[in-house]
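Chain letters run A, B, ... following the sequence lines, proteins first, then strands; residues in each count from 1.
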Amino acid sequence: DGGITQSPKYLFRKEGQNVTLSCEQNLNHDAMYWYRQDPGQGLRLIYYSQIVNDFQKGDIAEGYSVSREKKESFPLTVTSAQKNPTAFYLCASSPGLAGGNEQFFGPGTRLTVL
Amino acid sequence: RKEVEQDPGPFNVPEGATVAFNCTYSNSASQSFFWYRQDCRKEPKLLMSVYSSGNEDGRFTAQLNRASQYISLLIRDSKLSDSATYLCVVTNTNAGKSTFGDGTTLTVKP
């Protein structure tokens, strides 16, 4: 089955610790995205990548970092510099500029910082 | 002003009702438009793309008005299973990114 996987589904960390969220896709999509969603609110773009080895900051990149070393993988690190990291994190992919803009989402990771 | 604005609702309607959601966007360079559905504590799922000519998928009709910069979603004959949050999405292809509205919550009651 083709799709996007995120792991883990739930993650608990102590304040001050960095944590890396996994996102893998086997859809052969060029573009990948990370969003954050807080309760009762919409999705806010953290980082996005249109192609391997390239990525851009979204609207709320401070306190986060990403890498795109492989087409199928786009891990997100939530650093200790992120002031309010508890949220629902969603990864998405799309075919890319040439193939269409519809985004397909993974099941998300709920991060709780204690 | 937000780049994409939706009426948050909630919309509470009886089964069988027709309900319409609107979404306005401010960036005239936007090129692609979508409606997503998000169930409670789940990921958003693509409901339909939106075209200037209008498009229909069963009970759902989407419309785009570029001149006025708004898109709409019409749901006819509402079902209990339509209860969800509906997200409007506007994409600037040149910038390679999308902007999501905050969503409109629909509850369909028996």
Side-chain angles (χ1 to χ4, degrees), chain A residues 3-7 9-10 21 23 25 27 29-51 54-61 66 68 87-112, chain B residues 1-11 21 23-27 29-52 55 57 62 64 71 84-107:
Chain A
I4 304 173
T5 57
Q6 291 185 244
S7 61
K9 190 172 182 179
Y10 298 95
L21 310 185
C23 178
Q25 55 98 0
L27 300 168
H29 284 172
D30 285 322
M32 297 187 74
Y33 311 82
W34 274 105
Y35 295 91
R36 168 185 173 137
Q37 188 175 36
D38 293 285
Q41 297 188 31
L43 279 66
R44 292 185 289 168
L45 183 64
I46 304 172
Y47 269 97
Y48 62 108
S49 168
Q50 293 293 317
I51 198 167
D54 188 39
F55 50 82
Q56 287 78 39
K57 292 182 179 180
D59 301 317
I60 55 164
V66 294
R68 186 86 188 276
F88 186 36
Y89 289 89
L90 289 156
C91 178
S93 70
S94 71
L97 295 175
N101 303 308
E102 298 92 339
Q103 294 185 25
F104 300 89
F105 285 84
T109 293
R110 291 193 181 275
L111 173 65
T112 301
Chain B
R1 184 189 171 194
K2 290 186 176 180
E3 192 171 332
V4 178
E5 296 207 57
Q6 294 184 248
D7 181 346
F11 284 64
F21 306 137
C23 168
T24 59
Y25 62 95
S26 59
N27 187 349
S30 302
Q31 294 140 320
S32 300
F33 308 87
F34 307 94
W35 283 102
Y36 280 73
R37 170 196 170 123
Q38 186 174 25
D39 292 295
C40 188
R41 299 180 68 80
K42 298 286 189 181
E43 74 274 22
K45 294 188 177 178
L46 180 66
L47 181 65
M48 56 199 306
S49 303
V50 189
Y51 306 112
S52 297
N55 49 304
D57 183 3
L64 164 65
I71 70 174
T85 296
Y86 291 83
L87 303 171
C88 163
V89 183
V90 173
T91 297
N92 183 330
T93 306
N94 292 336
K97 64 175 188 174
S98 299
T99 303
F100 284 71
D102 286 346
T104 297
T105 299
L106 171 67
T107 301

What distance do A:Phe88 atom CZ and A:Arg110 atom CZ have between them, rounded to the nearest 0.5 Å? 4.5 Å
OG/B:Ser98 to OH/B:Tyr36 distance, rounded to the nearest 0.5 angstrom?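 Interatomic distance, B:Ser98 OG to B:Tyr36 OH, rounded to 0.5 Å: 7.0 Å.
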Side chain / backbone / both / neither for [X] at chain B, heavy atoms under 4.5 Å:
{"X": "A:Leu90", "result": "side chain"}
{"X": "A:Phe105", "result": "both"}
{"X": "A:Arg44", "result": "neither"}

Residue from B:Ser49, B:Ser32, B:Pro44 scoring the most non-hydrogen pairs under 4.5 Å with chain A is B:Pro44
Do you know which of B:Lys97, B:Arg41, B:Lys42 has the most heavy-atom pairs with chain A at a distance under 4.5 angstrom? B:Arg41
Does one side chain, of A:Ser94 or A:Tyr33, offer a donor that lies under 3.5 Å from an acceptor on the other?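 Present: a donor and an acceptor within the cut-off.
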Can the ring centres of B:Tyr25 and B:Phe33 be said to be less than 6.0 Å apart? yes
Check whether B:Thr99 gets within reach of chain A through its side chain, its backbone, both or neither, counting any heavy atom under 4.5 Å. neither
So that I can tick it off, tell me whether B:Asp39 and B:Lys45 are bridged by a salt bridge, with the cut-off set at under 4.0 angstrom between side-chain N and carboxylate O.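 Salt bridge absent between B:Lys45 and B:Asp39.
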Heaviest contributor of heavy-atom pairs below 4.5 Å to chain B, chosen from A:Gln41, A:Gln103, A:Gln56, A:Gln6, is A:Gln103
For A:Gln37, side-chain hydrogen bond (donor to acceptor under 3.5 Å, both in side chains) partners two or more places apart: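 A:Gln37 satisfies side-chain hydrogen bond (donor to acceptor under 3.5 Å, both in side chains) with B:Gln38 only.
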